[in-house]
Amino acid sequence: MPTSPAPATLPEGVSFETSSDDISCYRLDANDLRVLVLPQDGVPVTSFMVTYHVGSRNERAGHTGATHMLEHLMFKGTDAHHRRHGTSIMETLERLGAQLNASTWFDRTNYYEMLPTQHLETAVEVEADRMRGALLDPDDVEAERSVILNEYDRAQNDPVSRLFDEVWAAAFVAHPYHHPTIGWRSDIETISPDGLRHYYDTFYYPNNATVSVIGNVEPDDALAMVADHFGSIEPAAHDIPQVTTREPEQTGKRRVRVEQDGQLGAVLSAYKSPAATHADSEALDLLARILASGKGSRLYRRCTDQGLTSDVFGLNFRLRDPGLFSVFAYLAPERTHEEVEAALREVIAEIQENGVTEEEVERARQQLTAQTAFNRDGPMKIASQLNEAIAAGDWTLYTRYLDRLGDVTAADVQRAARTYLRDGRNTVGWYVPTTQ
Amino acid sequence: MSSTIHFSERTQDRPAGPVRLLTLPTPVDDFVSFRGSFLAYPDLAAGEGVLQQLAVAMLDQGTEHRDRFELAQVLEDRGAKLNLSSDGLYVDIRGQALADDLPDVLDVLAEMLQSPAFDEAEFEKTRAQTVGQLQRSLEKTSSRAANALTRSLFADGHPNYRPPLETRIQQVQAATRADVRDYHRAHFGATDFTLAVVGDLAHDPVAGAVEEAFAGFAPHESAPAHAVEARGGRPRRESIPMPDKSNVDVRLGHALPIRRDDEAYLPLYVGNYILGGNFAARLMTTVRDEKGLTYGIGSSLSGITTRYPGYFKTQVTLSHDVLEEGIEATETVIRTFVEEGATQEELEAKKETIAGSFTVGLATTGRLAYSLLLNAERDFEVGYLDAFLDRVHALTLDDVNDAVRTHLRPDALHVAAAGTRPEVVSV
């Protein structure tokens with residue numbers, strides 16, 4: 001395996017900051033860009049990813065969806081990379097066989113490429129170029145607006161997607177997790193090119209980004225490329241705005257109801273959960289598994305195996321700010337929302353009352369341990385996991401995950417269930433199919 | 001130009017009991033991915049596709065030796081993944097496990113395949129869950145449009161034909177436990193059973209574990225009963241009205257007369273890549289980037305195997321207010337491409353793309369296992385994977401454009417659209 005360079009041999013302008021497990025963290029002296037490097041054996045393929053610390057969390061009313069729209073516009077071109085010259089970002093990178101795309105979520109926007117290592121420098125050059133060189137042409141904004149409205153319509157087709165949006169909107173009244181990442185339709189329709197430019201000029205700077213290089217690459221080569229292409233970009237001349245809104249304490253159970261044409265109903269029960277970096281997060285990860293992962297899980301035995309539900313899931317969304325721990329169930333035919341919701345509540349109450357067994361904790365821990373190994377299957381999977389840790393505010397959540405998981409006891413899981421899965425933190429959503 | 005994996009040198013291809021086993025060690029830590037399949041040969045026109053689906057769904061519901069919870073516990077205690085699915089003529093297997101746990105997972109798999117209990121109460125639950133899954137598919141514009149297109153191109157009994165979801169729901173509801181048990185007895189066996197295992201492994205221990213697990217799994221005696229050729233017929237348009245679906249999923253396509261081992265396949269594959277294979281292809285750059293009509297568009301050669309031919313398909317999603325404009329724009333791009341052909345520059349670009357993406361595709365054990373399995377299902381030697389890029393590299397512009405002009409027929413495109421039709425506005 002290629003090894004990380006000793007600090008003494010680092011390329012000029014690069015400083016070593018820290019390391020955790022097999023990932024090393026560096027900074028560019030000129031602009032504070034953080035660079036994470038994970039060398040791997042295997043085929044000569046590397047993932048290159050830029051994570052900007054801006055997501056829909058940073059948006060305000062009237063401009064929801066701006067971060068996502070900006071993500072789309074970032075592919076429309078710069079002076080150097082534009083379809084009118086036959087050098088668009090897609091043409092340039094896909095020609096080399098790169099898998100590339102971008103995504104936006106609450107806490108981050110990431111742009112990524114996985115490509116043969118011999119072409120890594122092209123990906124580095126493209127990402128550095130568009131960090132401050134995006135044109136954001138008004139004509140492109142208008143063309144892309146209808147593309148995004150189609151993306152919005154695609155999501156609206158799915159009643160479960162609407163259900164999640166409405167539960168989050170009800171659970172958060174002040175914090176910007178209230179609005180969906182794609183934005184409200186009226187905002188997508190009206191946001192201006194100047195509004196997008198404002199977001200770009202506020203957040204897209206090297207000192208508000210983290211670069212990750214993962215794959216079969218010599219770390220000193222990768223660092224030299226990053227320093228060469230990103231080193232000349234000026235950091236922001238202003239302070240990057242921070243989100244200061246805290247969600248006020250919820251004082252009672254909330255309910256929403258989505259009615260849309262369809263076949264089978266669903267119940268989503270969501271509880272306010274702590275921020276991703278909180279010490280209880282791993283206990284909640286285990287709780288989600290104990291509740292709804294596999295035939296041995298509590299909700300499978302109580303609901304699916306008894307014919308109440310056709311599928312049930314446990315989801316612990318780990319975000320930078322407090323988020324939602326959720327259980328989601330598709331109703332079985334002929335079953336009612338009331339009886340499924342009661343069954344979910346009963347299973348949770350049983351855990352709060354009597355706790356979970358050591359055997360359940362060990363099984364869930366082993367599942368997450370195996371999953372962690374599977375998630376190292378190729379540089380792109382690693383990048384995807386690392387990206388969420390970066391977005392949550394501590395990239396070492398990725399490298400320290402198994403250690404943190406190993407510390408959790410059955411008593412911790414019961415305490416987490418008692419602390420967070422309370423009625424006063426609960427928002428319940430029903431999807432009720434209608435027939436038109 | 002050859003692959004960076006050197007499949008022929010590093011893959012071991014050998015019989016392990018009744019299984020054709022392909023093993024490939026790669027430098028990952030502690031885990032393996034595996035993919036497998038065997039031929040079941042359902043009589044699809046007689047509705048046996050549904051029996052196969054139910055039989056597969058019953059496999060993890062208990063065996064003659066362990067109940068559903070005991071089976072699940074073996075996998076869940078190890079964090080292993082094991083999924084079985086029904087895919088036309090095949091039963092497919094896929095999974096991941098920590099390397100040390102592979103023998104235990106193979107034992108569970110072998111037990112599920114060979115001695116399912118088909119308990120009556122579990123059958124009732126499985127049938128209800130299957131109906132529920134099919135009902136959820138009724139809500140999806142994508143599956144409704146895609147399935148409708150296959151019915152325009154193929155007759156019932158062809159592996160590419162997808163029966164109406166309502167028909168499948170009725171067939172599931174009518175199926176009995178005895179039907180499913182009898183189907184399992186007649187169609188589940190080690191017929192063309194192939195298993196590809198990739199990751200942190202040594203060849204011989206994996207072969208030993210496979211041989212031991214499947215020693216008693218004999219081939220079945222069922223014979224192929226599926227249709228092979230596409231149906232004829234003039235192009236038609238099918239609309240599936242669905243309330244509350246302002247995004248309309250559209251599929252355009254026609255049958256192709258070629259199989260995967262036909263000489264024309266590779267040049268047509270490259271031609272299609274230029275038309276609609278990625279973001280930089282003509283459909284995406286024109287209908288999305290220039291015209292802003294869609295979030296997603298692409299084209300593919302679908303359902304083509306060495307056993308039967310398949311079809312050319314374009315998929316596009318359109319908000320209902322631009323439905324007709326979007327379909328017309330899509331058809332225009334296809335027509336222009338066929339009439340004018342690809343350019344030398346496009347061909348060279350896509351050759352480079354295919355070479356790079358082939359290498360990128362080798363970066364995961366799951367993808368490697370799938371490539372090895374698919375190659376074996378086609379009866380190709382492992383060396384085909386090493387020679388693939390040389391074959392692509394040798395293609396000329398005439399090869400590609402001849403294949404495109406011969407096989408892509410814009411005037412023969414069937415259209416299927418599912419979603420909410422735009423309302424007619426009176427003025």
Side-chain angles (χ1 to χ4, degrees), chain A residues 41-45 83 88 90-91 94-100 114-116 119 142-151 153-154 156-159 215 260-264 293-296 301 304-305 307 310 330 332-333 363 366-371 373-374 376-381 436, chain B residues 4-5 26-31 33 68-69 72-73 75-80 96 98 125 128-129 131-133 135-136 138-139 141 242-247 278-280 285 288-295 317-319 322 349 352-360 362-366 419:
Chain A
D41 285 334
V43 292
V45 167
R83 67 173 183 268
S88 75
M90 285 298 180
E91 287 170 294
E94 282 198 332
R95 179 172 186 137
L96 306 175
Q99 290 179 8
L100 71 151
M114 181 162 76
L115 74 177
H119 300 306
E142 292 315 312
E144 205 61 19
R145 194 188 308 278
S146 53
V147 169
I148 294 167
L149 286 170
N150 182 234
E151 185 181 4
D153 284 344
R154 283 163 54 122
Q156 293 295 299
N157 270 13
D158 178 7
Q260 185 177 352
D261 185 77
Q263 298 289 323
L264 293 177
S293 178
K295 287 189 171 60
R301 285 173 178 259
T304 305
D305 195 56
S310 61
Y330 281 111
R363 182 182 303 153
Q366 183 59 24
Q367 289 173 17
L368 289 168
T369 301
Q371 188 62 51
F374 304 157
R376 291 213 160 204
D377 191 10
M380 193 59 94
K381 274 195 173 178
Q436 295 187 13
Chain B
T4 52
I5 281 281
T26 63
V28 294
D29 291 330
D30 304 327
F31 72 93
S33 295
R68 60 197 184 284
F69 295 121
Q73 188 175 346
L75 302 176
E76 291 169 13
D77 281 355
R78 292 159 178 76
Q96 280 185 307
L98 296 178
K125 279 188 259 179
Q129 285 170 15
V131 168
Q133 288 162 7
Q135 285 180 319
R136 290 213 298 271
L138 275 171
E139 297 175 357
T141 51
M242 297 173 68
D244 288 342
K245 308 291 183 191
S246 52
N247 170 66
N278 60 6
F279 280 109
T285 55
R288 172 170 158 155
D289 290 349
E290 286 179 21
K291 297 181 180 294
L293 291 169
T294 179
Y295 176 71
T317 67
L318 298 162
S319 292
V322 296
E352 195 174 354
T353 298
I354 291 168
S357 60
F358 188 85
T359 303
V360 168
L362 306 178
T364 69
T365 58

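Scope of the values below: all heavy atoms of this structure, side chains included, with no hydrogens, waters or symmetry mates. The structure presented is a predicted model; accordingly, all values stated were derived computationally and were not measured.
- Across A:M380, A:R363, A:R145, the residue that shares the most heavy-atom pairs under 4.5 angstrom with chain B is A:R363.
- No side-chain donor from either of B:T353 and A:E94 sits under 3.5 Å from a side-chain acceptor of the other.
- Using a 4.5 Å cut-off between heavy atoms, B:L318 touches chain A through its backbone atoms (N, CA, C, O) alone.
- Between A:Q367 and B:E76, some side-chain heavy-atom pair lies under the 4.5 Å cut-off.
- Contact count versus chain B (heavy atoms, under 4.5 Å) is highest, among A:E142, A:Q156, A:Q366, A:E151, for A:E151.
- A:Q260 has its side chain out of reach of B:P243: every pair of non-hydrogen atoms, C-beta onward, lies at least 4.5 Å apart.
- Of all the heavy atoms in B:K245 and A:N157, the pair that sits closest is NZ-O, 2.6 Å.
- In this structure, a donor-acceptor pair under 3.5 Å is present between the side chains of B:S319 and A:D153.
- The closest side-chain heavy-atom distance from A:S146 to B:L293 is not below 4.5 Å.
- With a threshold of 4.5 angstrom between heavy atoms, B:Q73 approaches chain A through side-chain atoms but not through N, CA, C or O.
- The CZ atom of A:R95 lies 11.5 Å from the OG atom of A:S88; values are rounded to the nearest 0.5 Å.
- In this structure, chain A has a heavy atom under 4.5 Å from the side chain of B:T141, while its backbone stays farther away.
- When the candidates B:V322, B:I354, B:T317 are compared by the number of heavy-atom contacts under 4.5 Å with chain A, B:T317 comes out ahead.
- Ranked by non-hydrogen atom pairs under 4.5 Å with chain A, the options B:T294, B:D30, B:L138 are led by B:T294.
- Residue with the most contacts toward chain A among B:E352, B:Q133, B:K291, B:R78: B:E352 (heavy-atom pairs, distance under 4.5 Å).
- If you check the side chains of A:D377 and B:T364, you find no donor sitting under 3.5 Å from an acceptor.
- Taking chain A as the reference chain and counting heavy-atom pairs below 4.5 Å, the highest number among B:V131, B:L98, B:L75 is found for B:L98.
- Contact annotation for B:A349: both backbone and side-chain heavy atoms come within less than 4.5 Å of a heavy atom of chain A.
- Most heavy-atom pairs under 4.5 Å with chain B, from the set A:V45, A:D158, A:L368, A:V147: that is A:V147.
- For B:F31, the part sitting under 4.5 Å from any heavy atom of chain A is the side chain, from C-beta outward, and nothing else.
- A:D305 meets the side-chain hydrogen bond (donor to acceptor under 3.5 Å, both in side chains) test with B:R68, B:K125; sequence neighbours excluded.
- Side-chain contact between A:Q99 and B:S357 is absent, with no heavy-atom pair separated by less than 4.5 Å.
- Every side-chain contact (heavy atoms from CB on, under 4.5 Å) that A:A332 has, sequence neighbours left out, goes to A:R335.
- Counting heavy-atom pairs closer than 4.5 Å to chain B, the top-ranked of the candidates A:R154, A:E91, A:M114 is A:R154.
- Contacts between A:L100 and chain B at a heavy-atom distance below 4.5 Å involve the backbone alone (N, CA, C, O).
- Residue B:T285: no heavy atom, backbone or side chain, is found under 4.5 Å from chain A.
- Both the backbone and the side chain of A:T304 come within contact range of chain B, with heavy atoms under 4.5 Å apart.
- For B:N278, the parts lying near chain A are the backbone and the side chain together; criterion is any non-hydrogen pair under 4.5 Å.
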